[in-house]
Engineer: 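This is the structure I want to talk about, given as structure tokens.
Just so it is clear, the values below take in all heavy atoms, side chains as well, and ignore hydrogens, waters and symmetry mates. In what follows, chains carry the letters A, B, and so on, assigned in the order in which the sequence lines appear, proteins first and then strands, with residues in each chain numbered from 1.
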Protein chains: 2
Amino acid sequence: MIDRVRRFNRTVTQRIGALNDAFLSSDRSLGQARLLWEIGPQGCDVRLLRSRLDLNSGYLSRLLRSLKDDGLVVVEQSGTDGRVRTAHLTDHGLTERAMLDRRSDDAAASILAPLSVRQRTQLITAMIEVERLLVASTVLVTACNPRHPDARSCLRAYFSELSHRFDGGFDPTRSISADEEELTPPAGLLLVASLHSEPVGCGAVKFHDDARAEIKRMWVAPTVRGLGLGRRLLADLEVHAAANRIRTLRLETNRALDEAIGLYRAVGYHEVLAFNDEPYADYWFEKTLDRSTAPAPNLPDREH
Amino acid sequence: MIDRVRRFNRTVTQRIGALNDAFLSSDRSLGQARLLWEIGPQGCDVRLLRSRLDLNSGYLSRLLRSLKDDGLVVVEQSGTDGRVRTAHLTDHGLTERAMLDRRSDDAAASILAPLSVRQRTQLITAMIEVERLLVASTVLVTACNPRHPDARSCLRAYFSELSHRFDGGFDPTRSISADEEELTPPAGLLLVASLHSEPVGCGAVKFHDDARAEIKRMWVAPTVRGLGLGRRLLADLEVHAAANRIRTLRLETNRALDEAIGLYRAVGYHEVLAFNDEPYADYWFEKTLDRSTAPAPNLPDREH
DNA sequence: TCCATTCTCTGACTTTAGTCAGAGGAATGT
DNA sequence: ACATTCCTCTGACTAAAGTCAGAGAATGGA
């Protein structure tokens, strides 16, 4: 399999690398072209450009100035924060960016051109599949302090989604607690999934004194659904639970959350009688962990 | 569709680009690492390295010397040609190359690691498909003088294959002619398909004075079968024929060539009575070209 | 209010990647 | 045998890519 990945890598970089040379075929350097592209029609904060292109601030500043000198870009103070500067494309810059865009289109078209109609369809289908799974594999799952901004943003999104999907909304204060204290080791654990450092999902476990624990806060952002992320979060939580000598995992859920219910059943949770009085719950599930099959947890730990 | 190709491009270069950084993570420069890799365990002629890495001779020479100075490589006269020099890896060089290999393996594995077993299978399947079709799209079909070395090598391979597959072998002199004269415009046309400048297939058409022409010399190298190349060559020949006011295409073939027969039928050739006395033919086919659907020929012309 | 931090820019660097012209030795065709 | 071509190497360049330390302005928190 690894061999296959490497072979794919070789073929694709060869063919697609040629495609990227469209960027080089202008009289700008690659760095300038990438920057021109990344600024985009709406403009972009310099700090954002720096992180997106992963460039040293001195170097970026210099690139930006060379574009400014050529009249493609203007840089001005950002409205909200006086330290931040925002780059905008001039008309001239927009024209040149449009040319890059057209060249990239042509290059992409030249990949499809030699193929038959049927082959094109097959290629696009396979490309979509590869892309989907590469994105899935890019998602990073890390243990995260619930006070971290990424964690907070996930929990906020989670609550907001519940309040939309539940009949009659959702009020966290009426629900059984899983506060920051309870989701911080050793009391519990919160995992956050991120894609390109944007938080896109979470899941938590709340340990009890006996060998039991509860799964809480399972949420996956709409943009990354269908990538198996829920299953992955759940599996990682189980690994952590097993490492903490947990034998039984329990959870409750609402009938509106049908994908979640399907997931729980699919990975071995079975319905049990209500084990608490959570007002928003319609179903209660339980799973006994099989410690023999539990692999060692190997999650990178994000700085708290 | 073009949009999809570009999106694939973006995702893949991001994810696979990171994989390629395994090469950069050594303390060698990218150029040195690529060279070290390309020399390989068996060693390699310098001229071959130059063409494979597409490097300027001065630059390559310099890179090679830096590796030599570090004791990774030795360069010596090639046995057969005193002008050519051959690079070999020393033990030290082999060790360092093995490290690059291991890093690339690790990087490839890190793409599979976050995925479930099922997702891995899906990814590999889709990767194989993308790769197959990208290779198909990389094949270049060009009109070629039959005296060109590439053309000669294809025709030689074609005859050799016929002599293996036909019962009782194949003797070109007994067969109806399609010599170099007859396959050179305006008498006829030979198309050669190449992959990374290696000839991998051919197909020819021999024009007659009436609006008829014959398809000859259809051959696809075993390494690139299943990529739709035969169909593409045939379609391109038809386009050229139509551009030369040909209305009817004819061809004869041997019963041993079952893939070819299948292809001819699939693209609209129907069997007719023997129209010549080719001793090696078992079937005769004919197709009437529909000029309305013939697109303009857009083949790049290789220098003759 | 003050101090630490953030953000951008500048000058002074280095390394990498690459080009170009030409030299010198070896092979090839006539 | 001789001119031509091929292959490699060298010196002298250039451009791109990037690093580093620090300056100056703005912001945020104690």
Side-chain angles (χ1 to χ4, degrees), chain A residues 13 17 20-21 23-39 43-70 72-88 147 149 197 303, chain B residues 13 17 20-21 23-39 43-70 72-88 147 149 197 303:
Chain A
T13 46
N20 281 346
D21 289 351
F23 265 71
L24 283 166
S25 69
S26 73
D27 51 353
R28 310 247 151 244
S29 73
L30 179 58
Q32 286 180 323
R34 285 209 307 155
L35 182 53
L36 192 63
W37 179 260
E38 201 64 37
I39 290 170
C44 185
D45 283 357
V46 170
R47 56 187 298 200
L48 203 61
L49 290 172
R50 207 169 54 235
S51 75
R52 278 205 270 197
L53 295 169
D54 191 31
L55 292 178
N56 174 292
S57 72
Y59 184 39
L60 174 57
S61 187
R62 210 169 311 270
L63 278 178
L64 215 41
R65 195 176 50 179
S66 70
L67 291 181
K68 212 159 45 181
D69 291 348
D70 290 355
L72 304 178
V73 158
V74 287
V75 181
E76 52 207 1
Q77 208 93 352
S78 163
T80 52
D81 185 335
R83 293 166 302 182
V84 176
R85 318 235 307 151
T86 308
H88 284 277
R147 288 167 195 84
S197 13
E303 63 283 11
Chain B
T13 47
N20 281 346
D21 289 350
F23 265 69
L24 283 166
S25 71
S26 73
D27 50 353
R28 310 247 152 245
S29 73
L30 178 59
Q32 286 180 322
R34 285 210 306 155
L35 182 51
L36 192 61
W37 179 261
E38 201 66 36
I39 291 171
C44 185
D45 283 357
V46 171
R47 58 189 296 203
L48 203 59
L49 290 171
R50 207 169 54 233
S51 76
R52 279 206 270 199
L53 295 169
D54 191 31
L55 291 179
N56 174 291
S57 73
Y59 184 37
L60 174 56
S61 186
R62 210 170 311 272
L63 277 179
L64 216 41
R65 195 176 52 177
S66 71
L67 290 181
K68 212 159 43 183
D69 290 349
D70 290 356
L72 304 178
V73 157
V74 286
V75 181
E76 52 207 0
Q77 208 93 353
S78 164
T80 52
D81 185 335
R83 292 167 302 183
V84 176
R85 317 239 305 151
T86 308
H88 284 278
R147 288 165 195 86
S197 11
E303 63 283 10

Engineer: Is there side-chain contact between Arg85(B) and Gln77(B), with heavy atoms separated by less than 4.5 Å?
Structural biologist: yes
Engineer: Go nucleotide by nucleotide along DNA chain D from the 5' end; which of Tyr59(B) and Arg47(B) gets its closest nucleotide reached first?
Structural biologist: Arg47(B)
Engineer: Would you kindly give the CG-to-C1' distance between Leu55(B) and dA17(C), to the nearest whole Å?
Structural biologist: 9 Å
Engineer: Taking five pairs at each end of the helix from dT1(C)-dA30(D) to dT30(C)-dA1(D), what angle separates the two helix axes (nearest 10°)?
Structural biologist: 20°
Engineer: Indicate yes or no for a side-chain donor-acceptor contact from Asn56(A) to the backbone of Gly58(A) under 3.5 Å, with no hydrogens or angles considered.
Structural biologist: yes
Engineer: In whole angstrom, what separates Leu63(B)'s CG from dT19(C)'s P?
Structural biologist: 12 Å
Engineer: Spell out, as yes or no, whether a donor-acceptor pair under 3.5 Å connects the side chain of Asp45(B) to the backbone of Arg47(B).
Structural biologist: no
Engineer: Can you name the closest pair of heavy atoms from Leu67(B) and Arg28(B) and give their distance?
Structural biologist: CD2-CD, 4.2 Å
Engineer: Looking at every heavy atom in both Glu38(A) and Cys44(A), which two are closest together, and how far apart are they?
Structural biologist: O-CB, 4.4 Å
Engineer: Name the nucleic acid region contacted by Arg65(B), choosing base, sugar-phosphate or nothing; use a 4.0 angstrom heavy-atom cut-off, strictly under.
Structural biologist: sugar-phosphate
Engineer: Would you check if Arg34(A) and Leu55(A) make a side-chain contact, meaning some heavy-atom pair closer than 4.5 Å?
Structural biologist: yes
Engineer: Which pair of heavy atoms, one from Ala87(B) and one from Val73(B), lies closest together, and at what distance?
Structural biologist: CB-CG1, 4.3 Å
Engineer: Is there a side-chain contact between Ser29(B) and the phosphate of dT15(C), meaning an N or O under 4.0 Å from OP1 or OP2?
Structural biologist: no
Engineer: Which heavy-atom pair separates Gln32(A) from Ser66(A) by the least distance, and what is that distance?
Structural biologist: NE2-OG, 2.7 Å
Engineer: Leu35(B) has an atom CG; how far is it from atom P of dG18(C), in whole Å?
Structural biologist: 12 Å
Engineer: Between dG18(D) atom P and Gln32(A) atom CD, what is the distance in whole Å?
Structural biologist: 13 Å
Engineer: Nearest whole Å is fine: how far is dC9(C) C1' from Leu49(A) CG?
Structural biologist: 15 Å
Engineer: What string of B, S and - do you get for nucleotides 21-30 of chain D, 5' to 3', when a contact is any protein heavy atom under 4.0 Å?
Structural biologist: -----BS---
Engineer: Please give, in whole Å, the distance from dG18(D) P to Asp54(A) CG?
Structural biologist: 9 Å
Engineer: Got Leu64(B) and Ile39(B) here, is their nearest side-chain heavy-atom distance under 4.5 Å?
Structural biologist: yes
Engineer: Between Leu60(A) (CG) and dA17(D) (C1'), how many Å, whole number?
Structural biologist: 13 Å
Engineer: Can you check the Glu76(A) CD to dC7(C) P distance for me, whole Å?
Structural biologist: 19 Å
